[in-house]
Amino acid sequence: MSRSLSRRERYSQATKTALLAAATRRFADLGFAGTSLEDVAADIQATRGAVYHHFASKTALFEAVFQQLETAAMERAVAAAAGAPDPWLAALAALNVFLDSCCDPVYGKIVWQEAPIALGWHHWRESEEEFSFGLVEQLLGAMMDSGIMDRQPLRVTTRIVFAILGAAGVALADAPEPDKHQVKAEYTEVIRRMLVGLRPASATTAQAAS
């Protein structure tokens, strides 16, 4: 049986949740450089010591926010793929959800614009791969296994598609708000056409409009 949390533990958990929410707002509005731990603490009427109790540094706090956003985005993509009737539509559903996430100003700013600065480019890339490379590989592998996509070196194909998705994420994060819908539509069409090109000739002819 799970143990009930004490009042102190519940308070600590609530404080951590509030700090993450406040930090998310600060990082999205002011960026990593423009955010201080004092301001985050002040937003929830806590002390700087309360921040350090949960996070060793501003970088650690940022990484927790980054991980929270990426976890939620990947969960949405996985759920969308799981609800599709076949691997091809599963890949397109996951792609749509991913690009929608990149259109979100908070996700776009923190994950694509601020994270390379706050975490360092190499650590950011490693983190991106940790969250999403496996899902891309799984979706591509399912299409190959089902015959929807020609058999290709899976690791190489995943690496290429993963890089393209990264380019789309950056483009959507950088796009002005009024242009995001159009940019998303353009990237969706180009990526879809590229995936169609990896399909067997018979399937490409029959379902190029899917």
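Only heavy atoms go into these numbers, but all of them, side chains included; no hydrogens, no water, no symmetry mates.
To the nearest 0.5 Å, atom OG1 of residue Thr188 and atom CZ of residue Arg193 are 12.5 Å apart. Atom CD1 of Ile44 is separated from atom OG1 of Thr15 by 6.0 Å, given to the nearest 0.5 angstrom. Interatomic distance, Thr35 OG1 to Leu30 CG, rounded to the nearest 0.5 Å: 5.0 Å. To the nearest 0.5 angstrom, Gln152 atom CD is 5.0 Å from Thr157 atom OG1.
Taken together through direct or relayed side-chain contacts under 4.5 Å among Ile, Leu, Val, Met, Phe, Trp and Tyr, Val190 and Leu92 form part of one hydrophobic cluster. Taking hydrophobic clusters as Ile, Leu, Val, Met, Phe, Trp and Tyr residues chained together by side-chain heavy-atom distances below 4.5 Å, Val170 shares a cluster with Met194.
For Ile160, the side chain to side chain contact (heavy atoms under 4.5 Å, CB included) criterion is met by Val156, Ile164, not counting sequence neighbours. For Glu177, there are no salt bridge (charged side-chain N to carboxylate O under 4.0 Å, His left out) partners, not counting sequence neighbours. In terms of the side chain to side chain donor-acceptor pair (under 3.5 Å) criterion, residue partners of Glu186 (sequence neighbours excluded) are, by chain and number, Gln182. Under the side chain to side chain contact (heavy atoms under 4.5 Å, CB included) criterion, His123 pairs with Glu63, Leu119, Glu126, Ser127, sequence neighbours left out. With sequence neighbours excluded, no residue forms a side chain to side chain donor-acceptor pair (under 3.5 Å) with Asp29. With sequence neighbours left out, the ring pair (Phe, Tyr, Trp, His ring centres under 6.0 Å) criterion links Phe98 to no other residue. Taking Ala175 as the reference, Lys180, Val183 meet the side chain to side chain contact (heavy atoms under 4.5 Å, CB included) condition, with sequence neighbours excluded.
Minimum interatomic distance between Ala50 and Leu19 (heavy atoms only, all atoms of both residues): O-CD1, 4.0 Å. The nearest pair of heavy atoms linking Pro200 to Gly147 is CG-O, 3.4 Å. Here the shortest heavy-atom pairing between Ala77 and Ala94 reads O-CB, 3.9 Å. The nearest pair of heavy atoms linking Ala60 to Ala56 is CB-N, 4.0 Å.
Each salt bridge (Lys or Arg N to Asp or Glu O under 4.0 Å) pair with one or both residues in residues 93-102, not counting sequence neighbours, appears once here: Asp100-Lys184. Residue pairs satisfying the ring pair (Phe, Tyr, Trp, His ring centres under 6.0 Å) criterion with at least one member in residues 175-199, sequence neighbours excluded, are absent. Counting only residues at least two apart or in different chains, salt bridge (Lys or Arg N to Asp or Glu O under 4.0 Å) contacts with residues 17-26 comprise Arg26-Asp39, Arg26-Asp43.
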Which atom pairs, donor and acceptor, lie under 3.5 Å between side-chain atoms of residues 101-114 and protein residues at least two apart or in another chain?
| from | atom 1 | to | atom 2 | distance (Å) |
| --- | --- | --- | --- | --- |
| Ser101 | OG | Arg76 | NH2 | 3.0 |
| Ser101 | OG | Val97 | O | 3.2 |
| Asp104 | OD2 | Val106 | N | 3.2 |
| Asp104 | OD2 | Tyr107 | N | 2.9 |
| Tyr107 | OH | Glu70 | OE1 | 2.5 |
| Lys109 | NZ | Ala28 | O | 3.2 |
| Gln113 | NE2 | Ala173 | O | 3.2 |
| Gln113 | NE2 | Asp174 | OD1 | 2.9 |
| Glu114 | OE1 | Phe32 | N | 2.9 |

Distance-only criterion, 3.5 Å: show the donor-acceptor pairs between side-chain atoms of residues 129-146 and protein atoms not counting sequence neighbours.
| from | atom 1 | to | atom 2 | distance (Å) |
| --- | --- | --- | --- | --- |
| Glu129 | OE2 | Arg159 | NH1 | 2.5 |
| Ser132 | OG | Glu128 | O | 2.9 |
| Glu137 | OE1 | Arg155 | NH1 | 3.4 |
| Glu137 | OE2 | Arg155 | NH1 | 3.0 |
| Asp145 | OD1 | Arg151 | NH1 | 3.3 |
| Asp145 | OD1 | Arg151 | NH2 | 2.9 |
| Ser146 | OG | Ala142 | O | 3.1 |
| Ser146 | OG | Met143 | O | 3.1 |
| Ser146 | OG | Ile148 | N | 3.4 |

Checklist line | Intermediate values then yes/no, side-chain contact (heavy atoms from CB on, under 4.5 Å), Asp150 and Arg199 | finding: CA-CA 5 Å; Asp150 278 335; Arg199 303 189 67 179; over 6 Å; no
Next item on the list: Kindly indicate, with the supporting measurements, whether the criterion side-chain contact (heavy atoms from CB on, under 4.5 Å) is fulfilled by Phe66 and Trp124.
Entry: CA-CA 10 Å; Phe66 169 85; Trp124 169 66; 4.0 Å; yes
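Phe55 has its side chain within reach of Leu20: a pair of non-hydrogen atoms, C-beta onward, lies under 4.5 Å apart. Using a 4.5 Å heavy-atom cutoff, the side chains of Tyr52 and Thr47 are not in contact.
When the shell of 6.0 Å around CD of Glu189 is examined, it contains more than 12 heavy atoms from other residues, nucleotides or ligands.
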